[in-house]
Amino acid sequence: MAYVWVLIAGICWGLIGLFTKAITRFGLMELEILFVKGVVSVIFLTIVLLIRDKKSFD
């Protein structure tokens with residue numbers, strides 16, 4: 001299972017450039033892009049934790 005997580009992490013790392021290009025089209029500066037990436041990461045991880053381990057929010 002660890003190999004799958006490493007593969008998923010590599011895919012996500014490779015997709016960062018595509019998301020950055022898409023975000024820069026809206027005229028955002030670098031710091032704003034970092035903020036957007038952080039917010040998206042928090043939302044994604046929150047959803048994953050809600051699905052896998054609801055007790056972590058108690």
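These numbers were taken from a predicted model, which means no experiment stands behind them. Along the sequence shown, the residues carry numbers beginning at 1.
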Please determine whether residues [X] and [Y] belong to a single hydrophobic cluster, defined as Ile, Leu, Val, Met, Phe, Trp and Tyr linked transitively by side-chain heavy-atom distances below 4.5 Å.
X	Y	result
Ile8	Ile16	no
Val36	Phe44	no
Leu34	Val40	no
Ile43	Ile51	yes

Not counting sequence neighbours, which residues clear side chain to side chain contact (heavy atoms under 4.5 Å, CB included) with Lys54? List them please.
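Residues passing side chain to side chain contact (heavy atoms under 4.5 Å, CB included) with Lys54: none at all.
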
Do any pairs count as a side chain to side chain donor-acceptor pair (under 3.5 Å) and have a residue in residues 4-13, sequence neighbours left out, and if so which ones?
none

Output every pair passing side chain to side chain donor-acceptor pair (under 3.5 Å) with a member in residues 32-44, not counting sequence neighbours, ordered by first then second residue.
Thr20-Lys37

Suppose we screen for side-chain hydrogen bond (donor to acceptor under 3.5 Å, both in side chains). Which residues come up paired with Thr24, at least two apart in sequence or across chains?
none

Under 4.5 Å between side-chain heavy atoms, chaining through other members, with only Ile, Leu, Val, Met, Phe, Trp and Tyr counted: pull out the rest of the cluster around Met29, sorted by chain and number.
none

May I ask you to list the residues sharing a hydrophobic cluster with Phe19, side-chain cutoff 4.5 Å, ordered by chain and number?
Leu7, Ile11, Leu15, Leu18

